[in-house]
Each structure stands twice: as structure tokens, then as C-alpha cells.
Enquirer: 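The structure under discussion is supplied below as C-alpha cells; questions concerning it will follow.
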Amino acid sequence: MEAATAATAAMVWFRKGLRVHDNPALDAARRGAGRLYPVFVLDPLYLRPDPAAASPGSARAGVARVRFLLESLGDLDARLRRLGSRLLLLRARDDDVADAVCAALKDWNIDKLCFESDTEPYALARDKKVTDFAMASGIEVFAPVSHTLFVPAEIINKNGGRPPLTYQSFIAIAGEPPEPVLEEYSELPPVGDTGEYELLLVPTVEELGYGDISQEEIPPFRGGETEALRRMKESLQDKEWVAKFEKPKGDPSAFLKPATTVLSPYLKFGCLSSRYFYHCIQDVYRSVRKYTKPPVSLTGQLLWRDFFYTVSFGTPNFDQMKGNKICKQIPWSENEELFVAWRDGRTGYPWIDAIMIQLRKWGWMHHLARHSVACFLTRGDLFIHWEKGRDVFDRLLIDSDWAINNGNWLWLSCSSFFYQYHRIYSPVTFGKKYDPNGNYIRHFIPVLKDMPREYIYEPWTAPLSIQKKAKCIIGKDYPKPVVDHETASKECRKRMGEAYASSRLDSNPSKVKPSNLSRRKMSHGDQDASNSSVAKLLKTSRSE
DNA sequence: TCCGGAGTTGAGTAT
DNA sequence: CATACTCAACTCCGG
């Protein structure tokens with residue numbers, strides 16, 4: 001390896017981790033570099049409007065998240081420019097991000113490539129392509145884990161090769177997270193020559209072709225590191241609130257002033273470092289006498305995030321039911337009509353529909369609101385596959401995160417982690433206890449805004465004269481309920497009971513052979529690990 | 001192998 | 001109005 005000289009060219013490739021603070025990849029790239037190339041590759045699949053999609057946005061992301069990403073990139077560029085650098089925006093080659101990075105590595109004679117490690121399956125495949133190319137070209141590669149508090153592979157190793165499957169066992173094994181990089185820079189090495197490359201400016205959503213949505217309600221969350229740090233400081237200023245924070249006690253109907261920090265989108269894109277956030281919360285804790293603890297506390301939420309990252313990293317086929325060892329096999333029903341009603345906020349249950357409309361417009365809703373609609377779609381009312389709901393959330397949430405989204409759908413559908421399927425959220429009474437007047441519903445479903453308080457959660461029970469007076473005829477201006485909650489939830493409980501009984505039969509078939517290692521019969525072959533490092537880790541797991 | 005306790009976030013009712 | 005209890009009940013884990 002050549003010694004670092006003034007001529008050394010380093011590239012920091014941004015994907016998540018769209019920040020300057022606590023960024024080990026950027027920190028490593030700048031050290032000893034004569035030229036620094038901060039790169040982000042625009043992916044048309046992520047950004048290009050898809051007219052065939054169910055709601056405004058691209059094939060991969062709703063327009064709220066597209067906007068959030070663009071704002072984050074603009075802010076990153078501005079912050080880099082303040083340090084004498086800039087963001088080099090490239091276009092993917094034939095819709096392939098990895099190819100664009102490889103080409104730039106070669107054309108700019110890069111000596112060292114740094115990027116934040118990403119444990120999601122699609123990212124692992126993309127990054128392997130780039131890493132293989134770099135290695136073959138003699139380019140040094142540095143890919144630190146800095147998206148999560150801990151290194152998922154290390155936790156799995158410490159746990160004997162298998163991911164801890166309960167929060168408490170995760171906590172017991174994790175310990176304290178590493179300290180963030182707290183050093184602040186006054187300048188970065190100059191950007192090197194980019195030759196013939198066309199460097200793009202950060203486009204606006206309008207420039208990308210989303211012009212027709214300008215009349216829409218714009219989500220109240222701006223992307224970017226600057227906004228992330230401002231928002232975090234604002235939340236942490238209220239020390240009493242931080243010290244008393246208990247996640248399950250939050251109000252899911254609060255939308256003017258949400259009951260949580262709404263820092264999840266910033267953590268998702270890495271505008272905010274989870275380690276820095278953790279560190280700052282600890283500072284607040286040190287200044288108060290008493291404070292809540294995991295799992296309900298603020299730090300507890302960051303640990304939940306790491307929990308799901310770790311389990312997802314160590315569980316083959318984590319994002320599906322089939323071939324997923326930790327997922328209950330449940331015969332979900334197919335019903336496109338009911339699914340579409342749920343997706344589009346037309347179930348006839350105002351509480352459910354308001355949440356789905358907030359999702360489509362804002363790309364964010366409170367955690368308990370997500371619980372409500374996820375339960376309704378799956379084990380509570382419609383008995384539709386959690387993977388269908390997962391896909392909707394995955395596209396529309398501005399904070400959608402592969403590990404956490406899948407983990408929570410597994411949880412809510414009682415497919416894994418949580419099994420008390422008799423506990424069903426009521427689409428009527430759950431929201432009502434927080435917001436008896438239905439202000440949340442009135443905001444997101446304007447057609448119901450004049451429905452009297454006593455009918456707002458069940459407008460189909462309002463006498464026709466009242467419906468007329470409220471200018472909202474049920475069945476015409478707003479749909480009738482697609483199912484009756486009483487009968488539907490009863491049926492769901494029954495079917496869950498049957499699925500559980502059948503899975504007990506599968507896992508304990510009245511002792512076959514003690515040497516038989518297979519715990520559960522799989523109709524779809526074996527669980528070939530989607531990434532080999534996990535497969536190796538799993539092989540070391542002890543047998544009993 | 002069996003038993004008891006724990007598990008971030010249910011609903012309904014009583015105090 | 002916040003808290004506590006009941007209801008009916010799941011799996012997982014550790015002893």
C-alpha cells in the first residue's frame with residue numbers, strides 16, 4: 001500500500017449517513033487525503049415518478065420521502081461547501097448505482113474508498129459489487145458500521161452465533177454503545193478534478209416531474225442534518241419531558257405537536273447519528289434525578305432500533321413469512337378489494353382511514369397509529385398478509401427502514417416477537433380515548449369535518465338527517481365500513497388460534513428422532529442465507 | 001420435562 | 001381523570 005501523500009485521492013460515498021457530524025467514513029476519507037471526492041449517486045428507480053403507482057411518488061418511494069431525501073442532499077451539500085468541499089451528485093448508469101461508483105473510482109484514480117456499512121440485503125449486494133471492483137483495482141476500502149449503535153455481527157457473535165430474539169436478552173448482551181466522533185472540522189481537503197463528469201445540482205421534486213402535487217399538503221418535516229440537529233436540540237431542551245418519556249403513553253392522534261421527537265426519518269437517512277443522539281440523551285439523564293429506562297425510555301427506542309437491525313441481519317428471509325424461521329406460518333387470506341380499501345384509506349373506519357391518509361400525505365404517523373392500522377389489516381380485522389402492509393409502509397414512510405419496518409410488521413401481525421393475538425386494537429375506541437372530539441380525523445378526512453362528535457368514529461350510525469346536515473352521506477361521500485369489527489375480529493381470533501395450534505403441531509410432532517435437527521417443516525426448501533457472512537455465523541451456532 | 005414469570009403500547013369496568 | 005383490576009390468554013425463557 002502506498003503511503004498517504006498530498007496526491008492521495010479519497011472518495012467518501014454517501015448513501016445513508018447524510019451528515020458531517022459523527023461520520024467515521026468521512027473522517028477516515030479526509031485524513032491524509034490531498035483530494036476528497038464526496039459522492040452521492042442519484043437512483044432513477046428511487047426518484048423517477050411512477051404514474052402506475054397507487055399514490056404520488058416513484059416505484060420505491062412516496063413523494064414525501066423523495067422530497068425528504070432531496071432536502072437532505074441539499075443540506076449535506078451546503079454543509080460540505082462551508083468546509084470548502086461540495087457534494088458530487090452523479091447519475092446512476094443504466095439504473096445501476098454501483099456501476100456509476102465503479103466508473104468514478106477508475107476515472108478519478110481514487111486510492112481510498114470510504115463508505116458507511118449497510119446491513120440491508122439489497123445494500124450488501126450493491127456494496128459487494130463496488131468492493132470487489134475496488135479490491136481488484138488496488139483501491140483501499142474502509143466501510144465502518146456507524147448507522148447503528150452497535151455492530152450487528154458482533155452482537156450475534158457474542159450471543160453464540162445467533163441473534164438475541166428478545167429485547168431483554170439483547171440489552172443484556174449489548175452493553176454500552178461506542179462514543180460518537182465528536183471532533184468538528186473547520187475545513188476538508190479540496191475536491192479533485194472530475195474531468196468530463198457532469199455534476200448535477202440537487203433537483204427539486206417539481207423538476208423531477210412531481211409538479212402536479214403542488215396543491216397537496218406538504219409534510220411538516222424538512223430533511224437534512226441541520227434540521228435534524230435543530231430538532232434534536234429542541235426535543236432535548238425539555239429535560240423533564242426527556243426524563244419522563246414513556247413510549248406506550250404517547251398520544252397517536254397528536255399531529256400539530258407530535259408526541260414523539262419525530263427524529264426517525266433523520267435516523268433513517270443518517271442526517272442524525274444514533275450514537276450522537278444516544279450520547280446527548282445521556283447528557284440530559286445526568287442532569288436530572290430520575291428518568292425512565294428501556295424499553296419505554298428515549299434511549300430504549302434507539303435500542304429497539306438496534307435490536308431489529310441485529311435480528312434482521314442474523315435471520316435469513318427476515319422480510320418474508322416463507323423460509324423465515326422466526327415467523328409463524330399463518331394462512332393469510334387474499335382479498336385485493338379489502339387491501340386496496342385499507343391502502344387508500346377507504347375502510348369506512350375514520351380512525352383507520354385518517355391514519356392511512358396521514359401516511360400518504362406526510363409519510364409519518366405516530367407509532368401507535370401504525371399499530372392500529374397494522375393490526376386492522378392483519379390479525380385484527382382483514383386477515384391480510386403482513387407483507388402487503390409492509391410494502392405500503394416501505395414505500396410511503398419517510399422513516400421507512402428495512403429492518404425496523406419488517407420487524408414491526410412481524411410483531412404486530414403476531415408472527416414473531418409478540419404473540420398475544422387476543423389483544424386487538426379497536427378501530428373505534430382506541431383512537432377515541434385520546435381524541436374524543438375526533439380532531440385528528442377532521443383534519444385528515446375533511447369530508448367528515450362537520451360530523452358531530454358522537455358519530456365521528458362511527459359515522460354510519462348517524463341518522464340520515466345528521467349525515468345530511470354534516471354534508472356527508474355515508475355510502476356516498478364517505479364509505480360504509482368494509483367489515484363489521486365485532487364479527488371480523490372474532491373470526492380473526494379463531495383463525496389465529498388455528499394457525500398457532502397447527503404450528504405447535506409442526507414444531508413438536510410427538511418426538512420423531514432426537515437427532516433430527518429440523519425444527520419445523522418448510523414447504524419451501526431450506527433457508528439459504530441471503531448473505532454468506534450470516535450463513536457462516538449461523539453455522540457456528542451450537543447444536544443441542 | 002414441567003412450571004412460573006415476563007413480556008414497551010388491549011378492552012372493559014371499577015374506584 | 002389517572003390507576004388498578006379482570007378478562008382470557010399467547011409464547012418464550014430460565015430454573
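A quick note: this is a predicted structure, and the numbers were derived from the prediction, not measured.
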Enquirer: Would you measure the distance from the P atom in dG7(B) across to the matching atom in dC7(C) and give it in whole Å?
Expert: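 Pairwise P distance, dG7(B) against dC7(C), rounds to 23 Å.
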Enquirer: With rounding to whole Å, what would you report as the distance between dT6(C) and dG5(B) at their P atoms?
Expert: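 Those two atoms are separated by 16 Å.
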Enquirer: Take the protein atom NE2 of His367(A) and the nucleotide atom P of dT9(B), then report the distance between them rounded to whole Å.
Expert: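 That distance rounds to 10 Å.
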Enquirer: Looking at Arg390(A), is its backbone amide N or carbonyl O close enough to the side chain of Asn405(A) to form a donor-acceptor pair, meaning the two atoms are under 3.5 Å apart?
Expert: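 Answer holds: yes.
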Enquirer: His371(A) near the nucleic acid: base, sugar-phosphate alone, or nothing, with a heavy-atom cut-off under 4.0 Å?
Expert: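 Base, at least one base heavy atom under 4.0 Å.
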Enquirer: Would you say Thr429(A) reaches dG12(B)'s phosphate, i.e. side-chain N/O to OP1/OP2 under 4.0 Å?
Expert: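 So the side chain of Thr429(A) is within the cut-off, an N or O lying under 4.0 Å from OP1 or OP2 of dG12(B).
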Enquirer: May I ask you to say what Glu246(A) touches in the nucleic acid, namely base, sugar-phosphate or nothing, with a heavy-atom cut-off under 4.0 Å?
Expert: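 Result for Glu246(A) = nothing.
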Enquirer: In whole Å, measure the gap between the P atoms of dA8(C) and dT8(B) for me.
Expert: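 Nearest-Å result for dA8(C) against dT8(B) at atom P: 25 Å.
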Enquirer: Measure the distance from NZ on Lys328(A) to C1' on dT11(C) and round it to the nearest whole Å.
Expert: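 Going from Lys328(A) (NZ) to dT11(C) (C1'), I get 7 Å.
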Enquirer: Would you confirm whether the ring centroid of Phe417(A) sits within less than 6.0 angstrom of the ring centroid of Phe307(A)?
Expert: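 Yes, the ring of Phe307(A) comes within the 6.0 Å limit of the ring of Phe417(A), centre to centre.
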Enquirer: Could you check which of dG12(B), dT8(B), dC10(C) has an atom nearest any side-chain atom of Tyr500(A)?
Expert: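 Of the options given, the side chain of Tyr500(A) lies nearest dC10(C).
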Enquirer: Measuring from the side chain of Ser426(A) (C-beta onward, heavy atoms only), which nucleotide among dA11(B), dT9(B), dG7(B) has the closest atom?
Expert: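 For the Ser426(A) side chain, the nearest candidate turns out to be dA11(B).
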Enquirer: Nearest-nucleotide wise, let me know which of Lys249(A) and Ser169(A) is further upstream toward the 5' end of DNA chain C.
Expert: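 It is Lys249(A) whose nearest nucleotide is closer to the 5' end.
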Enquirer: Among the candidates dG10(B), dA9(C), dT11(C), find the nucleotide nearest to the side-chain atoms of Tyr419(A).
Expert: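 Looking only at heavy atoms from C-beta outward on Tyr419(A), the closest nucleotide is dT11(C).
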Enquirer: Just to be sure I understand the rule, does Phe430(A) reach a base, reach only the sugar-phosphate, or reach nothing, if contact means heavy atoms closer than 4.0 Å?
Expert: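 Sugar-phosphate, backbone atoms only, no base.
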Enquirer: Starting the side chain at C-beta, find the nucleotide from dG10(B), dC10(C), dT8(B) nearest to Arg504(A).
Expert: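 Within the option list, the nearest is dC10(C).
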Enquirer: For the pair Lys16(A) and Glu120(A), find out whether any cationic side-chain nitrogen is under 4.0 Å from an anionic carboxylate oxygen.
Expert: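 Judged by the 4.0 Å cut-off on N to carboxylate O distance, Lys16(A) and Glu120(A) do form a salt bridge.
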Enquirer: Without decimals, in angstroms, what is the distance between Phe418(A) CZ and dA9(C) P?
Expert: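 It is 15 Å, rounded to the nearest whole Å.
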Enquirer: CG of Asn408(A) versus C1' of dT8(B): gap in Å, rounded?
Expert: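 In whole Å, dT8(B) C1' and Asn408(A) CG are 11 Å from each other.
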Enquirer: In whole Å, measure the gap between the P atoms of dC5(C) and dA6(B) for me.
Expert: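 Their P atoms lie roughly 15 Å apart.
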Enquirer: When we call it a touch if two heavy atoms are under 4.0 Å apart, what does Lys293(A) touch: a base, just sugar-phosphate, or nothing?
Expert: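 Result for Lys293(A) = nothing.
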Enquirer: Centre-to-centre under 6.0 Å for Tyr309(A) and His147(A), is that the case here?
Expert: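 Yes: the rings meet the under 6.0 Å criterion.
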Enquirer: For dG5(B), give the paired nucleotide (Watson-Crick: N1-N3 plus N6-O4 or O6-N4; G-U: N1-O2 and O6-N3; both under 3.5 Å), or none.
Expert: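 Per the H-bond distance test, dC12(C).
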Enquirer: Please report the distance, rounded to the nearest Å, between OH in Tyr421(A) and C1' in dA8(C).
Expert: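 Rounded to the whole Å, the gap is 10 Å.
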Enquirer: Could you work out which one of dT8(B), dC10(C), dC13(C) sits closest to the side chain of Gln420(A)?
Expert: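 Of the options given, the side chain of Gln420(A) lies nearest dC10(C).
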Enquirer: Would you please indicate yes or no on a ring centroid separation below 6.0 angstrom for Trp342(A) and Phe376(A)?
Expert: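 Not close enough - the centres of the two rings lie 6.0 Å or further apart.
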Enquirer: Roughly how many Å is it from CZ in Arg423(A) to C1' in dT8(B), rounded to a whole number?
Expert: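 Whole-Å distance recorded here is 11 Å.
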Enquirer: Can you find a side chain N or O atom of Gln168(A) that sits less than 4.0 Å from OP1 or OP2 on dG14(C)?
Expert: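 False: Gln168(A) side-chain N/O out of range (4.0 Å or more) of dG14(C) OP1/OP2.
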Enquirer: Give a yes-or-no answer on whether the side chains of Asp353(A) and Tyr478(A) include a donor-acceptor pair shorter than 3.5 Å.
Expert: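 Present: a donor and an acceptor within the cut-off.
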